[in-house]
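Shown next, in structure tokens, is the structure this report addresses.
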Amino acid sequence: MRIGELAGRLGVNPKTIRYYESIGLLPDPGRTPSGYRIYDEDAVDRLRFIRTAQRLGVTLDEVKEILGFRERGEAPCAYVRGVLDAQVSTIDRRITELQELRDQLVSLAAEADNLPPADAGTTCQLIEHVRQKVEAKVVAPVQSQP
């Protein structure tokens, strides 16, 4: 099949397929006598694997490493497990950061009810309040040094 057929079959842009070839994720395809790329079912399977790995958060460099294991006849399972464990750790850290941000925003929203109304033409009192709190935290330790 030609690149357009492969792209359509898997819902991928043909430029993406060319890019994957350029970085070595897909082997150079065969060519027709007129120079068109021609792909087989192996390319379909490999492209599906790449796209599935990406959905799991695996980077293209990691995909390349996984494919390298396979090409050397080695099982990549331990490597993949490490990659996925790292993904879980990153997600857990990000969830914690987002929960902290959510708590800060809820607290800030509660404080908003106690702030004086802003004058016309001035910045939002809520943002100004946050700016002053941040500046107080930064300036306070500097002033306490001898």
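Note: hydrogens, waters and symmetry copies are ignored here, and every other heavy atom, side chains too, is used.
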Review point. Below 4.5 Å, heavy atoms only, C-beta onward: do Thr52 and Val58 meet side chain to side chain?
Key: no

Donor-acceptor pairs under 3.5 Å, side chain of residues 97-106 to any protein atom, not counting sequence neighbours: which ones?
{"residue": "Glu97", "atom": "OE1", "partner": "Arg94", "partner atom": "NH1", "Å": "3.3"}
{"residue": "Gln99", "atom": "NE2", "partner": "Asp103", "partner atom": "OD1", "Å": "3.1"}

Could you pull out all donor-acceptor pairs under 3.5 Å where a side-chain atom in residues 12-20 meets a protein atom, sequence neighbours excluded?
{"residue": "Asn13", "atom": "OD1", "partner": "Lys15", "partner atom": "N", "Å": "2.8"}
{"residue": "Tyr20", "atom": "OH", "partner": "Arg51", "partner atom": "NH1", "Å": "3.1"}
{"residue": "Tyr20", "atom": "OH", "partner": "Gln54", "partner atom": "OE1", "Å": "2.8"}

**Study point:** Criterion salt bridge (charged side-chain N to carboxylate O under 4.0 Å, His left out) on Glu65 and Arg70, from CA distance to verdict
**Key:** CA-CA 9 Å; Glu65 185 68 27; Arg70 187 170 85 179; over 6 Å; no

Exercise for review: Go through the structure and list residues passing side chain to side chain donor-acceptor pair (under 3.5 Å) with Ser34, not counting sequence neighbours.
Suggested key: Thr32

**Study point:** Asp45: partners by side chain to side chain donor-acceptor pair (under 3.5 Å), with sequence neighbours left out
**Key:** none

Review point. By side chain to side chain donor-acceptor pair (under 3.5 Å), which residues pair with Ser22, not counting sequence neighbours?
Key: none

Practice item. Apply salt bridge (Lys or Arg N to Asp or Glu O under 4.0 Å) to Arg9 and list each qualifying residue two or more places apart in sequence or on a separate chain. Key: Glu41

Practice item. Please list all pairs passing the ring-ring contact (aromatic ring centres under 6.0 Å, His included) test where one or both residues lie in residues 77-107, with sequence neighbours left out. Key: Phe69-Tyr79

Point to revise | ring-ring contact (aromatic ring centres under 6.0 Å, His included): pairs with one or both residues in residues 40-60, sequence neighbours excluded | key: none

Review point. Of all residues at least two apart in sequence or in a different chain, which pass the side chain to side chain contact (heavy atoms under 4.5 Å, CB included) check with Asp42?
Key: Asp40

**Study point:** Closest approach of Val44 to Leu10 (non-hydrogen atoms, all atoms of both residues)
**Key:** O-CD1, 3.8 Å

Revision key, fill the gap. Sorted by chain and residue number, the salt bridge (Lys or Arg N to Asp or Glu O under 4.0 Å) partners of Glu5 (sequence neighbours excluded) come out as none

Practice item. Hey, could you give me the OH/CZ distance between Tyr36 and Arg2, rounded to the nearest 0.5 Å? Key: 5.5 Å

**Study point:** Value rounded to 0.5 Å, distance of CG in Leu108 from CG in Leu126
**Key:** 4.0 Å

Practice item. Would you sort out whether Met1 and Ile38 count as a side chain to side chain contact (heavy atoms under 4.5 Å, CB included), showing the intermediate values? Key: CA-CA 5 Å; Met1 75 190 82; Ile38 201 85; 5.8 Å; no

Exercise for review: Identify the heavy atoms of Pro29 and Arg37 that sit nearest to each other, and give their distance.
Suggested key: CG-CG, 3.6 Å

Review point. Are Ile23 and Leu47 connected in a single hydrophobic cluster, I mean Ile/Leu/Val/Met/Phe/Trp/Tyr linked by side-chain heavy atoms less than 4.5 Å apart?
Key: yes

Review point. Ignoring hydrogens and geometry, is there a side-chain-to-backbone donor-acceptor pair from Lys64 to Thr59 under 3.5 Å?
Key: no

**Study point:** Atom CD1 of Ile127 with >12 non-hydrogen neighbours under 6.0 angstrom
**Key:** no

Point to revise | Between CD on residue Glu21 and CG on residue Asp28, distance to nearest 0.5 Å | key: 6.0 Å

Report all side-chain donor-acceptor pairs from residues 82-92 shorter than 3.5 Å, counting only partners two or more places apart or in another chain.
{"residue": "Asp85", "atom": "OD1", "partner": "Arg81", "partner atom": "NE", "Å": "3.1"}
{"residue": "Asp85", "atom": "OD2", "partner": "Arg81", "partner atom": "NE", "Å": "3.4"}
{"residue": "Gln87", "atom": "NE2", "partner": "Leu56", "partner atom": "O", "Å": "3.4"}
{"residue": "Gln87", "atom": "NE2", "partner": "Gly57", "partner atom": "O", "Å": "3.3"}
{"residue": "Ser89", "atom": "OG", "partner": "Asp85", "partner atom": "O", "Å": "3.3"}
{"residue": "Thr90", "atom": "OG1", "partner": "Ala86", "partner atom": "O", "Å": "3.0"}

Check your understanding: How many angstroms lie between CG in Asp61 and CG in Leu25, if you round to the nearest 0.5 Å?
Key -> 8.5 Å

**Study point:** Contacts of Glu74 that satisfy side chain to side chain donor-acceptor pair (under 3.5 Å) - sequence neighbours left out
**Key:** Arg72

